[in-house]
Structure formats: C-alpha cells, structure tokens
Amino acid sequence: MDLTMGLRLSHEILSLETAHPFGIARGTQSLYRVVWVRLTDGDGMEGWGEADPSAFYGETADTIVAALGRLAPVLAECDPYDLEGTEAKVMASLKVNAAARVAISAALHDLVGKRLGVPLWKLWGLDPAKAPVSSFTIGIDAPEVIRAKVREAAEYPVLKIKVGTADDQAILAAVRSETDKPIRVDANCGWTAKRAIAALPMLKEYGVELIEQPLPPDDLEGMALVRRASEIPVIADESCRTAADIPRLAGVVDGINIKLAKCGSLREALRMIAVARAHHLLVMVGCMIESSLGITAAAHFTPLLDIVDLDGAALLKQDPFAGATIAGGRVALPTGPGLGVTRR
Ligand code: MG
C-alpha cells in the first residue's frame with residue numbers, strides 16, 4: 001500500500017498584528033486573520049501552507065475556510081508527488097480564492113520536499129546566494145511617524161514607500177529628511193495618469209528608483225502613458241494576477257510583481273517568471289501582511305528574480321513561525337527540508 005496517497009486537510013485561523021498600523025492608499029489596518037493549512041499524508045507526514053486573504057480580491061479568513069471545506073474531499077484522493085495533477089484538480093474545483101489555493105500549493109511543495117529530504121530551493125535547482133536584497137515597507141502615516149519608522153528601519157538598505165495620497169510630497173520629504181538610501185514607491189492604484197505624470201519630476205527629485213502600480217488595474221492605456229513619460233521603471237502589481245495577464249502588459253510596464261495570494265500557486269509563480277522573461281520584463285515578488293510561513297513559500301524562488309519585497313513578516317509585532325528571514329535586507333533561505341518552516 002502506498003502510504004503517501006490521500007491527503008488529510010486541517011486548518012487553524014491565526015491573528016497577526018503589525019508593529020505599526022499599516023497604511024496604504026486603500027486604508028489602514030493592524031490586525032490580520034490568516035489561515036494556517038496542514039496537509040497530512042497516509043504516513044503521518046505534514047506539509048504546511050498559509051492563506052493570506054486579500055480584501056481587494058474579496059477574500060477573508062472565512063471565505064478561505066469555506067473554500068478549504070470544498071477542497072478536502074478532492075485532496076483525500078490525491079498523490080502528493082503528483083504536484084501538477086493535484087494543483088490542476090484544486091484549480092478545477094476552486095477557480096477563485098487564490099489565497100486558499102496557494103496555501104494548498106505551498107503545503108504540497110513542503111510535503112514533497114520533506115519526503116525527499118531537501119529544501120524547496122534545492123528541489124528547484126536554485127542558488128540562494130542569487131536572491132536580490134529585500135526592501136522594507138513604510139506605510140502611509142503622518143510625517144513625524146514616517147520619520148520614526150524610517151529610523152526604525154535603519155537595518156534595511158532599500159525602502160518601499162506607500163504613496164497614492166494627497167500628501168505624497170510630504171511623505172517623501174519626511175523619508176528623505178532621515179535617509180538617502182534607495183527608495184521605491186507603491187501608489188496601490190491611487191493616482192490617475194495625469195497625476196502620476198505630474199508627479200514624475202518630484203519622484204525623480206527624491207531619488208525614487210521604481211514606481212509600483214500608479215493607476216487602477218484596468219487602466220493599461222494610462223499605465224503605458226506614465227511609463228512612456230517616466231525615466232523610472234513602472235511595475236504592475238494589481239494589474240497582474242497570473243501568467244495570462246502578462247502578454248498584454250508587455251510594452252505597457254517595465255515589470256510585474258508576483259504575489260502568491262494573487263496567483264494561487266507556487267507553480268503558477270514559476271510560470272509567471274518564465275512568461276515575464278519571455279517578454280523582457282523585470283520580475284518582482286511582493287507579499288501581503290503574512291507570517292514567515294507565507295513569506296518563506298515565496299522566498300524559495302527569489303534567486304530567479306530582480307526585485308524582492310518580502311517584508312510581510314518583518315512588519316509583524318510577533319511572528320508565529322520561523323523560516324526565511326530578511327535581516328539587513330538579505331534574503332536568507334532555510335536549509336531544512338520542504339519550506340523549512342517551524343512553529344515558534
Ligand atoms: Mg503593491
């Protein structure tokens with residue numbers, strides 16, 4: 001009898017709290033409910049994954065739990081080594097709920113890595129030393145709070161600044177009053193093309209090296225106008241969920257931001273990297289506010305990328321898991337088998 005066959009799904013809702021209330025163009029929040037997913041094979045071995053719901057895509061911890069309920073009978077029939085087949089079955093039974101699907105995907109990859117006794121990056125043939133430095137995010141806040149956050153983030157060599165407000169210049173001035181390190185901005189769809197283009201000289205003056213998602217997701221015409229006017233590379237985040245979104249973004253932006261909570265699968269993330277490369281686009285990975293369990297799943301493919309923003313767990317007051325870290329901005333991948341994540 002094959003003891004690996006058949007996977008039992010269990011889950012637990014965890015509450016994460018950020019060290020500071022985290023503000024982006026769409027709102028401010030400090031408490032996040034995420035779902036810890038465990039798949040146990042017939043042999044009693046466990047694979048872990050994390051589902052981090054995105055309100056922007058209509059997901060909550062409760063929609064994830066409901067989605068997991070629909071997947072449990074599907075997984076009970078699956079062979080964990082059949083990663084392609086199992087992910088296809090998961091996709092067929094759950095087209096939306098990318099955050100729920102990626103928790104399963106991460107748990108499957110964790111389980112296979114553990115059974116084979118190798119870390120996921122090694123299974124993928126990657127060199128952890130090739131991972132780019134991770135940025136650390138400064139959320140929207142009052143200038144004096146921003147200055148304090150920049151001082152607290154002294155160990156990180158690159159900062160990502162959330163903008164898309166009426167006070168973007170004051171935000172950048174506050175950052176620059178504290179540091180001259182490289183900065184990137186993320187407007188989270190908060191600008192119009194006209195406003196973004198008008199802001200370009202100011203962004204250049206403050207030494208911004210990258211602009212993430214200046215406009216709403218569907219305004220690709222506007223994004224192309226901004227990109228044409230900009231010397232600073234423009235990256236699509238909300239405009240790019242899966243590999244299928246990438247061909248129409250070629251010529252519109254300079255790069256794409258992959259997030260597991262958007263694309264729903266580690267294998268889809270690898271497909272996105274391949275498709276983006278075929279279109280000569282920069283490739284970035286981002287994250288949600290998530291624990292080290294979720295962050296580590298994305299960290300394993302960072303050696304393939306140009307830009308890394310995996311600070312979700314570093315922004316937390318307390319992290320329930322230990323895995324990949326970004327101390328000093330350096331992405332350190334675990335050496336344990338699978339994801340290499342442990343419970344604290
Ligand atoms: Mg973003």
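Computed from a predicted model, the values in this text were never measured in an experiment.
- Counting all heavy atoms, side chain and backbone alike, A106 lies closest to G49 at CB-CA, 3.9 Å.
- Taking the ring axis of W48 as reference, the NZ or CZ atom of K114 stays within 45° of it and closer than 6.0 Å to the ring centre.
- Minimum interatomic distance between I258 and I256 (heavy atoms only, all atoms of both residues): CG1-CD1, 3.8 Å.
- For CD of E17, the number of neighbouring non-hydrogen atoms (other residues, nucleotides, ligands) closer than 6.0 Å is greater than 12.
- The two residues S239 and Q213 have their closest heavy-atom pair at OG-NE2, 2.9 Å.
- Cation-pi geometry between R115 and Y81 is not met at under 6.0 angstrom from the ring centre and within 45 degrees of the axis.
- The pair D309-K259 does not meet the salt-bridge criterion, since no charged nitrogen lies less than 4.0 angstrom from a carboxylate oxygen.
- Salt-bridge check for R271 with E268: passed, with a basic side-chain N closer than 4.0 Å to an acidic carboxylate O.
- Ion pairing between D245 and K262 fails under the 4.0 Å rule for side-chain N and carboxylate O.
- Contact between K181 and V158 at its shortest, heavy atoms only, is CD-N, 4.3 Å.
- The main-chain N or O of Y57 is never found under 3.5 Å from a side-chain atom of E59 such that the two would form a donor-acceptor pair.
- A pairwise comparison of heavy atoms in D110 and G340 identifies OD1-N, 4.1 Å as the closest pair.
- No side-chain heavy atom of W124 sits under 4.5 Å from any side-chain heavy atom of L304.
- Residues F136 and L315 come closest through the heavy atom pair CZ-CD2, 3.6 Å.
- The local environment of CD in E144 is crowded, with over 12 non-hydrogen atoms from other residues, nucleotides or ligands closer than 6.0 Å.
- Around the NZ atom of K122, the shell of radius 6.0 Å holds no more than 12 heavy atoms that belong to other residues, nucleotides or ligands.
- Two residues are said to be in side-chain contact when any heavy atoms from C-beta on lie closer than 4.5 Å; L159 and E178 fail this criterion.
- Under a cut-off of 6.0 angstrom, the local environment of CZ in R8 is sparse, with at most 12 non-hydrogen atoms contributed by other residues, nucleotides or ligands.
- K160 and E212 are joined by a salt bridge, as a carboxylate oxygen and a charged side-chain nitrogen come within less than 4.0 angstrom of each other.
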